[in-house]
Undergrad: 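What follows is a structure written as structure tokens; I'll ask about it next.
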Amino acid sequence: MDSIRHWMLGPQGSAYANDVDVLYMFLVWLSVFFFALIVFLTVYFAWKYRRRKEGVLTPNISHNLALELLWSIIPLIIVMGIFFWGFNDYVRASVAPNDAIEIHVTAKKWLWAFEYPDGTRTIGNLHVPVNRPVKLILTSEDVLHDFYIPSMRQKTDVIPGRFVDLTFTPTVAGKHQVFCAEYCGKSHSDMMANLYVDSPEVYEKWLVEGDEELKTMPPVEVGKLVYENKGCNSCHSIDGSKNTGPSFKGLYGRVEKFTDGTSITVDDNYITESINNPQAKIVAGYEPVMPTFQGLLRIPEMRGIIAYIKELK
Amino acid sequence: MADIITTPHISGHADHHDVDYLHDGKGLKSWLTTVDHKRIGVMYLWSILFMFFLGGVFAMMIRLELLTPKETIMSAETYNKVFTLHGAIMVFLFIIPSVPAALANFVLPLMLGAKDVAFPKLNLFSWYIYMAGAFIAVAAMVTGGVDTGWTFYTPYSTTTDGSVALMTFAAFVLGFSSILTGVNFVATIHKLRAPGMGWFDMPLFCWGIYATALIQVLATPVLAITLLLLIMERTFGIGIFDPKLGGDPVLFQHFFWFYSHPAVYIMILPGMAIISEIIPTFSQKTIFGYRAIAFSSVAIALVSFIVWGHHMFTSGQSQLASAIFSFITFFVAVPSAIKTFNWIVTMYKGSVAFNAPMLYALSFLLLFGIGGLTGIFLGAVSVDIHLHDTYFVVAHFHYVMMGSTVIAFLGGLHYWWPKMFGRMYSEPAARVACALVFIGFNATFLPQFVLGSRGMPRRYYNYLPEFQALHQASTVGSWILGLGFLIMAGYLFASLRKKMDAPANPWHSRTLEWQTSSPPITHNFHEIPAVGGGPYDYYRPVGNGRNA
Amino acid sequence: MSNTTHDVAEHRFRQHHFATAEQQLDTSKIGMWLFLATEILMFGGLFVGFGLMQGVYPEAWVAGHHHLDRVLGAVNTVFLLCSSFTMVMAVHYASTDQKSKTVMNLGLTLGFAFAFLVIKYFEYSHKFHDGLLPGRYFNLAAVGGPPQIGIILISWIMVRANRGDFSSAYYTPVDLIGLYWHLVDLIWIYLFPLLYLVS
């Protein structure tokens with residue numbers, strides 16, 4: 001049974017996820033029962049009363065009130081039960097306990113930015129401690145998005161000009177997937193994030209020091225991670241193909257022409273400036289759409305992305 | 001009808017129109033200026049079938065692209081346009097007009113024993129409006145395309161590039177075509193029933209179309225005004241939906257679903273209406289629970305107006321609103337269950353034949369069963385929060401729109417084809433095609449339920465590797481489905497090249513459209529039929545004065 | 001159906017798919033009422049938008065309504081009410097075979113309708129330089145279209161009435177266009193307090 005559940009619904013990340021799954025699996029078995037009933041009756045009647053002779057008259061069975069009431073009232077009772085079950089779970093899950101950690105989430109095409117209570121900011125990676133309720137306060141800077149954590153069975157539309165919240169209490173440590181579930185344009189399907197559920201000690205340490213692996217990894221590897229996790233990849237390709245922004249392939253040392261007619265040879269300074277103040281110089285043929293990453297990259301990360309771009313010849 | 005009591009000619013003219021409607025007038029002009037509901041129905045049929053082909057090509061492109069993550073055959077921008085066009089074409093240009101405007105236009109007056117619909121010129125006008133809307137939609141496709149999804153959600157739709165204003169204008173225009181068709185049918189059913197035909201002597205198809213027409217008339221104007229406001233916001237920059245201009249993006253969703261949820265029933269009710277004809281005919285048996293089926297159509301139509309918020313459980317609407325919408329939504333389960341069991345029980349002690357239309361009707365029972373049952377998952381708020389905007393929803397509404405409505409439409413097409421064109425198609429080929437469509441459809445969409453419940457969001461160009469196996473199963477299913485449709489196109493076109501060979505009543509039906517020649521004469525009946533008895537009196541011998 | 005005019009009218013205007021002229025008239029009326037229902041729903045949607053906008057920008061609405069002259073608005077309301085009355089009279093005379101009175105009343109209706117539009121025109125040409133306020137759009141959507149369509153339709157039936165097309169046996173177009181004109185009137189009566197009298 002549990003393997004069927006796992007195959008259908010994937011990993012669970014919280015106690016609430018299990019509640020949803022219990023209802024879901026109840027509905028699955030209920031549907032299997034009724035579907036089997038429909039198939040059985042359809043096939044049985046169709047075959048048993050198949051036409052053996054042309055032109056026969058059939059009995060006039062116009063209706064049967066008792067039967068019809070039976071198959072009106074039974075479904076009605078069942079669905080009313082399902083309504084209360086589903087609604088009850090939903091209400092319970094949408095109330096945030098007082099001790100919840102509040103994390104602000106800002107969505108924009110096509111990345112997720114997080115701001116923690118202590119001012120730490122990240123893009124594309126959300127870290128939370130295990131077994132503590134989390135309250136996300138979300139807003140969008142452009143169009144509708146939707147913050148969806150399948151393993152928590154939770155999602156909410158993220159609406160420009162409004163704050164909405166989303167509550168969950170992760171109970172399973174490890175990496176969880178986050179999707180954007182409201183269509184938002186070209187890179188909608190790349191607008192993902194990672195949810196890291198850490199032990200409380202690891203979480204506190206992370207808040208201070210940042211990602212552990214950054215320190216030991218070679219800069220190019222760090223740069224590759226930054227490229228994938230901070231959202232660079234939704235606009236900049238590494239294979240030379242044109243995307244929303246210029247490709248990183250062969251970028252370092254290239255002479256870039258800008259919309260104002262000037263040009264520059266790409267070096268460390270130019271890359272740093274483009275990350276911190278992207279609107280300063282716009283490469284000809286592209287739109288000024290990149291958001292600033294000022295304060296979002298730690299020094300090893302900035303060093304890493306420059307090293308990574310250098311590598312992409 | 002049980003017995004047609006022959007009445008003398010009421011009208012003084014029309015005797016010179018004894019040729020069949022297909023040969024009453026030659027050349028393109030005689031078609032483009034016709035006010036004959038049968039010819040208009042046929043023109044609609046070819047128009048919507050072309051649109052179905054176009055939407056189908058887009059569907060195949062979507063499935064092919066999703067064979068692998070990242071780029072398979074097209075870029076992300078192209079993909080977004082393709083799925084938008086697939087949805088917009090299928091909904092506005094194919095499914096909504098499919099049964100009402102094409103099939104019902106042809107058979108409704110015949111079933112009622114009328115010579116035409118209430119307003120024949122308006123009927124032709126509706127077709128021209130439809131063609132204008134189709135033309136504008138095609139213009140929108142070639143002048144930049146649209147990448148908003150068929151739902152046109154704001155503020156994405158008010159800020160993205162492309163021909164969004166043109167496409168919404170097309171939907172606006174098509175809405176009027178739909179409204180006028182609805183007005184025409186309501187008036188026809190009220191006033192043009194044959195002498196002696198009471199409301200409960202009408203075939204159930206007419207009840208289904210009546211409920212549909214009411215929704216078309218009452219819901220479509222709200223869509224029209226919504227799309228107009230969207231166009232105004234895009235062109236003049238007044239803030240109604242875009243928060244940057246002081247508007248409210250969620251308001252658009254309320255407006256949109258106030259129409260589009262009833263529109264789901266504009267799509268499904270005519271499908272149910274067809275099934276209510278096919279099953280008694282091929283079982284040669286009185287329909288079980290006539291009134292329950294008739295009233296449940298009207299009940300579904302009414303409830304459909306107050307459930308739109310179940311599309312918006314994740315939109316930040318209040319919990320109270322979610323509670324009310326969820327609660328009412330579950331009531332739709334009841335009339336649906338009534339209909340399903342009534343259809344099944346109709347076969348009890350019948351004489352069931354397995355011709356192609358009946359195979360479609362039986363497929364409908366199973367597919368609508370799955371579509372309806374998975375709807376219960378989405379009505380339960382906590383489960384819906386998880387499944388909203390995932391492939392589960394995609395699979396669910398394809399089971400309802402395609403597995404139910406389109407399958408019923410195909411059943412109706414095969415059922416009335418001999419009446420419309422006077423030719424029988426190849427029955428074995430039709431059975432093979434039906435089996436392929438059934439298998440292909442399930443192979444395409446069953447895997448999508450699992451994809452969705454495992455968290456795969458919809459409208460994704462790129463996806464995680466763990467989803468690939470199910471996506472590939474789905475794509476292979478779409479090829480089987482496509483093959484089924486190719487075979488269908490083959491034998492249907494082949495039948496048109498034959499000589500006319502269809503008998504007046506090949507299925508031994510008792511409803512009025514079968515009591516005239518195949519194809520019918522221009523004025524439908526040689527004598528205005530008068531009616532005594534119900535439309536499904538298969539317990540009585542065929543009465544006198546009938547040509548069946 | 002005793003007299004000959006009836007039979008002639010029956011023969012001339014009854015379409016082949018109706019059994020009797022009465023059935024034809026009833027059917028047309030159902031169609032028209034349904035059409036009016038769709039119009040009301042459309043404007044209903046517009047008014048919902050209007051109400052919400054008013055909630056969002058109350059200042060703009062108040063400013064907008066200061067730009068509108070209540071006296072002109074009231075005069076226009078009176079004009080439209082009168083036109084509805086003359087329309088009713090036109091329908092009455094058409095149904096009782098009084099051709100000249102029908103034509104005269106239709107003419108009066110047209111006169112009032114034109115007076116309404118002329119006042120509207122002056123209001124706009126005078127105020128447009130003040131900038132486009134939100135209410136303007138709703139006002140335009142409601143009065144820019146339906147009255148003009150109504151005028152064209154009334155002119156058309158006036159020509160037909162003058163030609164002697166209508167009689168007590170057949171006056172469906174007068175009846176239906178009358179219904180349409182009342183709707184135009186009704187929308188204005190709804191709009192007048194909303195746009196002119198809010199504060």
Side-chain angles (χ1 to χ4, degrees), chain A residues 8-10 20 23-24 27 31 34-35 38-39 41-42 45-46 49-51 56-63 68 71-72 75-76 79-80 82-83 85-87 89-91 93 143-144 146 148 150 153-157 159-162 164 177 179 181-190, chain B residues 76-77 80 149 153 155-156 159-160 243 249-250 284-286 288-290 292 314-316 319 323 326-327 330 333-334 337-338 340-341 344 347-353 362 365-366 369-370 373 376-377 380-383 385-386 388-389 450 453-455 457 459-463 538-539 541:
Chain A
M8 283 188 167
L9 289 150
V20 174
L23 175 54
Y24 183 94
L27 293 173
S31 301
F34 275 104
F35 184 65
I38 292 171
V39 173
L41 289 175
T42 304
F45 284 157
Y49 300 109
R50 67 187 180 277
R51 191 170 298 173
V56 290
L57 294 177
T58 53
N60 179 24
I61 309 169
S62 69
H63 64 286
E68 287 177 85
W71 60 58
S72 313
L76 184 66
V79 294
M80 284 302 105
I82 296 165
F83 161 73
W85 189 346
F87 187 68
D89 278 352
Y90 158 72
V91 171
V143 298
L144 293 177
D146 186 295
Y148 177 31
R153 313 284 185 261
Q154 276 286 36
K155 69 160 69 75
T156 182
D157 285 6
I159 302 160
R162 255 197 225 184
V164 293
Q177 187 65 49
F179 293 112
E182 183 63 67
Y183 174 70
C184 58
K186 192 178 116 189
S187 297
H188 168 54
S189 62
D190 295 322
Chain B
E77 283 109 324
N80 292 343
Y153 268 20
Y156 186 81
T159 51
T160 181
V250 181
Q284 289 289 298
K285 174 93 186 317
T286 316
F288 185 83
Y290 177 100
T314 65
S315 73
Q319 289 191 351
S326 167
F327 185 75
F330 279 115
V334 176
I338 293 176
T340 304
F341 286 111
I344 293 173
M347 291 188 287
Y348 174 71
K349 292 202 171 168
S351 171
V352 182
L362 295 175
L365 289 177
L366 308 189
I370 296 178
L373 288 165
I376 296 176
F377 288 64
V381 189
S382 65
V383 177
I385 300 275
H386 175 55
H388 179 79
D389 269 344
V450 182
S453 61
R454 283 166 70 171
R459 295 174 173 174
Y460 260 33
Y461 167 73
N462 189 6
Y463 54 84
Y538 291 100
Y539 60 94

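Values reported hereafter were calculated over all heavy atoms of this structure, with side chains retained and with hydrogens, waters and symmetry mates removed.
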Undergrad: side-chain hydrogen bond (donor to acceptor under 3.5 Å, both in side chains), that's the test. Do B/Thr314 and A/Asp157 meet it? Break it down for me.
TA: CA-CA 6 Å; B/Thr314 65; A/Asp157 285 6; 3.0 Å; yes
Undergrad: Let me know if B/Thr159 has heavy atoms under 4.5 Å from chain A in its side chain, its backbone, both or neither.
TA: side chain
Undergrad: Hey, which of B/Thr286, B/Leu365, B/Asn80 has the most heavy atom pairs under 4.5 Å with chain A?
TA: B/Asn80
Undergrad: Which atom names give the shortest non-hydrogen contact between B/Ser382 and A/Leu23, and what distance separates them?
TA: OG-CD2, 3.6 Å
Undergrad: At a 4.5 Å cut-off on heavy atoms, which part of A/Ala93 comes close to chain B: side chain, backbone, both, or neither?
TA: neither
Undergrad: Any chance you could lay out the side-chain contact (heavy atoms from CB on, under 4.5 Å) test for B/Val352 and A/Phe45, step after step, and finish with the verdict?
TA: CA-CA 9 Å; B/Val352 182; A/Phe45 284 157; over 6 Å; no
Undergrad: CZ/A/Phe35 to CG/B/Leu373 distance, rounded to the nearest 0.5 angstrom?
TA: 8.5 Å
Undergrad: Among A/Thr58, A/Val164, A/Val143, who wins on heavy-atom pairs under 4.5 Å with chain B?
TA: A/Thr58
Undergrad: Just by distance, do the side chain of A/Tyr148 and the backbone of B/His386 share a donor-acceptor pair under 3.5 Å?
TA: yes
Undergrad: Taking A/Gly185, A/Pro75, A/Ser187 one by one, which has the highest count of heavy-atom pairs under 4.5 Å against chain B?
TA: A/Gly185
Undergrad: Look at B/Ala380, B/Ala76, B/Pro155 and state which one has the largest set of heavy-atom pairs under 4.5 Å with chain A.
TA: B/Pro155
Undergrad: Do A/Thr42 and B/Met347 have side-chain heavy atoms sitting under 4.5 Å apart?
TA: yes
Undergrad: Select one option (side chain, backbone, both, neither) describing which atoms of A/Leu27 are under 4.5 Å from chain B's heavy atoms.
TA: both
Undergrad: As an exercise, state the distance from CZ of B/Phe341 to CD1 of A/Ile38, rounded to the nearest 0.5 Å.
TA: 5.5 Å
Undergrad: Relative to chain B, which segment of A/Gln177 carries a heavy atom at a distance below 4.5 Å: side chain, backbone, both, or neither?
TA: side chain
Undergrad: Can A/Ser31 and B/Phe377 be said to form a side-chain contact (heavy atoms from CB on, under 4.5 Å), step by step?
TA: CA-CA 9 Å; A/Ser31 301; B/Phe377 288 64; 3.3 Å; yes
Undergrad: Among B/Val383, B/Thr340, B/Thr160, B/Leu362, which has the most heavy-atom pairs under 4.5 Å with chain A?
TA: B/Val383
Undergrad: For A/Tyr24, is it the side chain, the backbone, both, or neither that has a heavy atom closer than 4.5 Å to a heavy atom of chain B?
TA: both
Undergrad: Is any side-chain heavy atom of A/Val91 closer than 4.5 Å to a side-chain heavy atom of B/Gln319?
TA: yes
Undergrad: For the side chain of A/Ser189 and the backbone of B/Tyr460, is there at least one donor-acceptor N/O pair under 3.5 Å apart?
TA: no
Undergrad: May I ask you to name which of A/Phe83, A/Phe34, A/Phe87 has the most heavy-atom pairs under 4.5 Å with chain B?
TA: A/Phe83
Undergrad: How about A/Leu76 and B/Phe330: do any of their side-chain heavy atoms sit closer than 4.5 Å?
TA: no
Undergrad: With only heavy atoms counted, which part of B/Tyr290 is less than 4.5 Å from chain A, the side chain, the backbone, both or neither?
TA: backbone
Undergrad: Counting heavy-atom pairs closer than 4.5 Å to chain B, which one of A/Cys184, A/Pro150, A/Ala46, A/Gly10 comes out on top?
TA: A/Ala46
Undergrad: Name the option with the most non-hydrogen atom pairs under 4.5 Å to chain B; the candidates are A/His63, A/Met80, A/His188.
TA: A/His188
Undergrad: Which bit of A/Asn60 comes within less than 4.5 Å of chain B, counting heavy atoms only: side chain, backbone, both or neither?
TA: both
Undergrad: State the OG-OH distance between B/Ser351 and A/Tyr49, to the nearest 0.5 angstrom.
TA: 12.0 Å
Undergrad: State the CD-OG distance between A/Glu182 and B/Ser315, to the nearest 0.5 angstrom.
TA: 9.5 Å
Undergrad: Could you check if a side-chain atom of B/Phe288 sits within less than 4.5 angstrom of a side-chain atom of A/Ile61, using non-hydrogen atoms only?
TA: yes
Undergrad: Is it true that a side-chain atom of B/Lys349 and a backbone atom of A/Pro59 form a donor plus acceptor pair closer than 3.5 Å?
TA: no
Undergrad: Do other residues, nucleotides or ligands put more than 12 heavy atoms under 6.0 Å from the OH atom of B/Tyr348?
TA: no
Undergrad: Highest number of heavy-atom pairs under 4.5 Å with chain A: which of B/Ala333, B/Pro249, B/Ser326?
TA: B/Ser326
Undergrad: Could you pull out the closest heavy-atom pair between A/Met8 and B/Arg454, with the gap in Å?
TA: O-CG, 3.0 Å
